[in-house]
Amino acid sequence: MNNLNIKAEKIKLLLLDVDGVLTDNRLIYGDDGQEYKAFYTRDGLAMVLIQKSGIEIGIITGRTSELVKKRMQDLKIKHLYQGVPDKLPTFETLMDKLAISLDEVAYMGDDILDLPILRRVGLSACPKDSDPEVISRVDFVSGFEGGRGAVREFCELIMKAQGHWQTHMGFYLR
């Protein structure tokens, strides 16, 4: 078993950034000033399955958006923190609240503002189109871009390491 799988076996909490991780990092504004984002449904299914595997998900994002709130409600995400430009204090508060150790946490971020958390967690990851400063410092670089399957691949990696993926596949192959 490789080092990545050893780290993934321990994960109890998956934390994600939104822009550049769950989306393609573009902000689209309508004529009415409304902000729009697009989410990748395969990422969403993986987020549902990993929660069914007993792993909680948290979102920590620097921006605030009603559509992010709606999407996370649809996916039944328990821990949503928006409007957090300095993510580290929120991360530390969540760690205290959940009483889990750093090696039980995985985080996927894409930009330099994610580095304080990426440097602390047990398993760090980023999409392939992340900032080079991030790519050089994480355990796992997805083969997919943000908003295009990077979260799906990371969730599958964790579920496979913990033996949950085959159970889910068994359901879909019945």
Side-chain angles (χ1 to χ4, degrees), residues 13-53 55-98 105-121 123-138 140-159 168 172:
L13 174 67
L14 170 62
L15 295 175
L16 301 168
D17 182 23
V18 174
D19 295 314
V21 173
L22 285 166
T23 72
D24 64 5
N25 221 359
R26 294 183 305 152
L27 299 175
I28 301 167
Y29 292 93
D31 288 339
D32 59 357
Q34 181 73 34
E35 181 180 306
Y36 299 92
K37 301 176 191 272
F39 295 95
Y40 197 65
T41 58
R42 290 183 187 165
D43 288 342
L45 176 59
M47 293 167 71
V48 169
L49 294 177
I50 202 167
Q51 289 178 98
K52 286 183 177 178
S53 302
I55 297 169
E56 291 190 52
I57 297 180
I59 305 295
I60 303 176
T61 179
R63 300 179 56 82
T64 301
S65 168
E66 278 300 313
L67 64 95
V68 169
K69 180 180 176 183
K70 170 71 173 120
R71 179 65 176 151
M72 296 313 132
Q73 286 174 339
D74 289 348
L75 297 173
K76 301 184 179 2
I77 303 301
K78 292 181 184 174
H79 312 286
L80 173 61
Y81 302 95
Q82 296 195 79
V84 184
D86 181 3
K87 299 176 181 184
L88 186 57
T90 300
F91 168 75
E92 291 172 340
T93 300
L94 183 59
M95 293 301 93
D96 290 342
K97 176 182 170 185
L98 298 177
V105 180
Y107 183 68
M108 178 176 267
D110 71 310
D111 211 340
I112 57 174
L113 59 97
D114 297 306
L115 287 172
I117 298 176
L118 289 167
R119 295 184 64 226
R120 285 170 170 78
V121 296
L123 179 60
S124 58
C126 70
K128 77 174 189 180
D129 58 339
S130 297
D131 186 279
E133 294 288 346
V134 173
I135 290 173
S136 68
R137 290 176 170 85
V138 296
F140 175 72
V141 179
S142 172
F144 298 91
E145 294 179 352
R148 299 284 184 189
V151 170
R152 170 68 172 254
E153 185 181 32
F154 194 39
C155 287
E156 284 186 21
L157 183 151
I158 294 167
M159 288 187 284
H168 296 304
Y172 293 110

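What you see is a predicted model, and the numbers here were worked out from it, not measured in a lab.
Side chain of Asp129 to main chain of Gly146: a donor-acceptor pair is present (N/O by atom type, distance under 3.5 Å, no hydrogens or angles). Counting only distance, with no hydrogens or angles, the side chain of Asp131 and the backbone of Glu133 share a donor-acceptor pair below 3.5 Å. Under the 3.5 Å distance criterion, the side-chain polar atoms of Gln51 are matched with a main-chain donor or acceptor of Leu75. In this structure, the side chain of Asp96 does not engage the main chain of Thr93 through any donor-acceptor pair within 3.5 Å. Judged purely by atom type and a 3.5 angstrom limit, Ser53 uses its side chain to pair as donor or acceptor with the backbone of Leu49.
Here the straight-line distance linking atom CG of Asn25 with atom CD of Glu145 works out to 10.0 Å at 0.5 Å rounding. Rounding to the nearest 0.5 Å gives a distance of 10.5 Å between CG of Leu118 and CZ of Arg137. Here CZ of Arg42 is found 12.5 Å from CD of Glu153. Values are rounded to the nearest 0.5 Å. Tyr40 OH to Phe144 CZ: the interatomic distance, rounded to the nearest 0.5 Å, is 7.0 Å.
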Verdict with reasoning, Asp17 to Lys87, per salt bridge (Lys or Arg N to Asp or Glu O under 4.0 Å): CA-CA 10 Å; Asp17 182 23; Lys87 299 176 181 184; 3.0 Å; yes
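Around CG of Asp31, the count of heavy atoms belonging to other residues, nucleotides or ligands within 6.0 Å does not exceed 12. Counting non-hydrogen atoms of other residues, nucleotides and ligands closer than 6.0 Å to CD1 of Ile112 gives a total of 12 or fewer.
A salt bridge links Arg152 with Glu156: the closest approach of a Lys/Arg side-chain nitrogen to an acidic carboxylate oxygen falls below 4.0 angstrom.
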